[in-house]
Amino acid sequence: MSAHATATSVEIGIRPLRSAPAAPGLGAEVTGVDLRAIDDATFAAIHRAWIDRQVLLFRGQTLTDPDLAAFSRRFGDLDMAPIQENGRAIGSGMPEIYVVSNVIENGVPIGSLGHGEAVWHTDMSYLSSPPKASMLYALEIPPAGGDTSFADMYAAFDALPDSLRERALGLKVKHDGTYNSGGFVRQGVTPTDDPREAPGMMHPLVCTHPESGRRMLYLGRRKMAWLEGFGLAESDALLDEIWTHATAKQLVWTHEWRVGDLVLWDNRCTMHRRDPFDATARRIMHRTQVKGAAPPAA
Ligand code: OGA
Ligand code: MN
């Protein structure tokens, strides 16, 4: 699949990153594009590829924060970055930019998520209307570790055994707002052990993607999740079973970063996680998040 060149647009290439039996559709690399200067036809091709492939990789970019924000805004209005774990609202000069970093300057972390594992999650799904897209741009990367993996939530729904798929339809799951994916407590939240009491948002467990029309699992994150109306033990057992299917390795694509990579994901139909890396190495990523709507039930 490749966009046709027009008089004003460069030819861009879109090529699959990998294929796997359960998730042959996840991920593509887009080549031949400088994200600082794309015309409408090129953007339309990128948008189509993003809907079709869920995660897009653009290598070799040179983006300032305003460049990153300007490309992001082509998808729609941006959400402000979440508050950092240390209470700092703005890690970079712009409130739309979320800094993901373990770097400490003058005793203060410049960003969020530290150097540990970031567990499987969807960005900001504790909100009623979570972002539809997120993009992460690599400014500094460690020599090893810190790879980011993506899981295909269309394939996850399809991978459920028939009885479980039927059961999942009609359920609602609580998306916890206590912890971020690095396991840090969000600013202003008093943690509790009971997911029913914790801040967060109920979303349908199976949703229909508003643009592709396909059905997908919508899980958010595992910690402190709760199936509405279930006892805690029963909810945990069913969620564990669903999560085992949803994060099976044949549904997953893992990205090894290079400086200048931008990865754009559909935050509705994918989850992502990050491997830990050496605490003494530096990793600096800048992220934007594009406003979305409440995920509709399937
Ligand atoms: C994010 C995120 C993981 C990473 O920015 O939303 O989860 O690889 N980042 O830094
Ligand atoms: Mn994330």
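Both backbone and side-chain heavy atoms feed into the values below; hydrogens, waters and symmetry mates do not. In what follows, residues are counted from 1 in the order of the sequence shown. Read the numbers this way: they start at 1 and go in the same order the structure lists the ligands and their atoms.
- His255 and Trp253 have tilted rings, their planes meeting at an angle from 30° to 60° on a 0 to 90° scale.
- If you count the protein N, O or S atoms nearer to the Mn ion (ligand 2) than 2.8 Å, you get 3.
- Salt-bridge formation is detected for the pair Asp236/Arg222: a Lys NZ or Arg NE/NH1/NH2 atom is positioned less than 4.0 Å from an Asp or Glu carboxylate oxygen.
- Close contacts of ligand 1 with Arg274, meaning ligand atoms under 4.0 Å from a residue heavy atom, involve 3 (C), 4 (C), 8 (O), 10 (O).
- Salt-bridge annotation for Arg74 and Asp40: present, with a side-chain N of the basic residue lying under 4.0 Å from a carboxylate O of the acidic one.
- With Gln54 as the fixed residue, the side-chain hydrogen bond (donor to acceptor under 3.5 Å, both in side chains) test singles out one of Asp266, Asp152, Thr270, Asn267: Asp152.
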Output, in order, the C-alpha distance, side-chain angles, deciding distance and verdict of side chain to side chain contact (heavy atoms under 4.5 Å, CB included) for Arg283 and Arg274.
CA-CA 12 Å; Arg283 187 176 188 270; Arg274 182 193 72 196; 3.3 Å; yes

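- Ligand 1 lies out of reach of Arg273, whose nearest heavy atom is not under 4.0 Å from it.
- The side-chain tip of Arg215 does not point at the ring of Phe157 from less than 6.0 angstrom away and within 45° of straight on.
- When only interatomic distances are considered, the shortest N/O to N/O separation between His272 and ligand 1 falls below 3.5 Å.
- Annotation for ligand 1: atoms under 4.0 Å from non-hydrogen atoms of Leu136 are 4 (C), 5 (O), 8 (O), 9 (N), 10 (O).
- Under the 4.5 Å side-chain criterion, counting only non-hydrogen atoms from C-beta, Val119 is not in contact with Arg273.
- Residues Asp123 and His272 bring a donor and an acceptor atom of their side chains to less than 3.5 Å of each other.
- In summary, of the residues considered (Ser125, Cys269, Pro296), a side-chain contact (heavy atoms from CB on, under 4.5 Å) with Tyr218 occurs for Ser125 alone.
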Kindly indicate, with the supporting measurements, whether the criterion side chain to side chain contact (heavy atoms under 4.5 Å, CB included) is fulfilled by Met201 and Leu127.
CA-CA 6 Å; Met201 188 55 57; Leu127 301 176; over 6 Å; no

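- Which parts of ligand 1 touch Thr148 is read off a 4.0 Å heavy-atom cut-off, strictly below it: atoms 4 (C), 8 (O).
- Using a 4.0 Å heavy-atom cutoff, Trp265 is listed among the residues neighbouring ligand 1.
- Listed by number with element, the atoms of ligand 1 under 4.0 angstrom from any heavy atom of Asp123 are 6 (O).
- For His121, the heavy-atom gap to ligand 1 drops under 4.0 angstrom.
- Annotation: Tyr98 places no N or O atom under 3.5 Å from an N or O atom of ligand 1; distance criterion only.
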Verdict with supporting geometry, Asp67 and Thr62, side chain to side chain contact (heavy atoms under 4.5 Å, CB included)
CA-CA 9 Å; Asp67 293 334; Thr62 315; over 6 Å; no

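- With ligand atoms numbered from 1 in the order given, ligand 1 contributes 5 (O), 10 (O) to contacts under 4.0 Å with heavy atoms of Val100.
- When the heavy-atom distances from atom 10 (O) of ligand 1 to His255, Arg283, Glu117, Arg287 are ranked, the shortest goes to Arg283.
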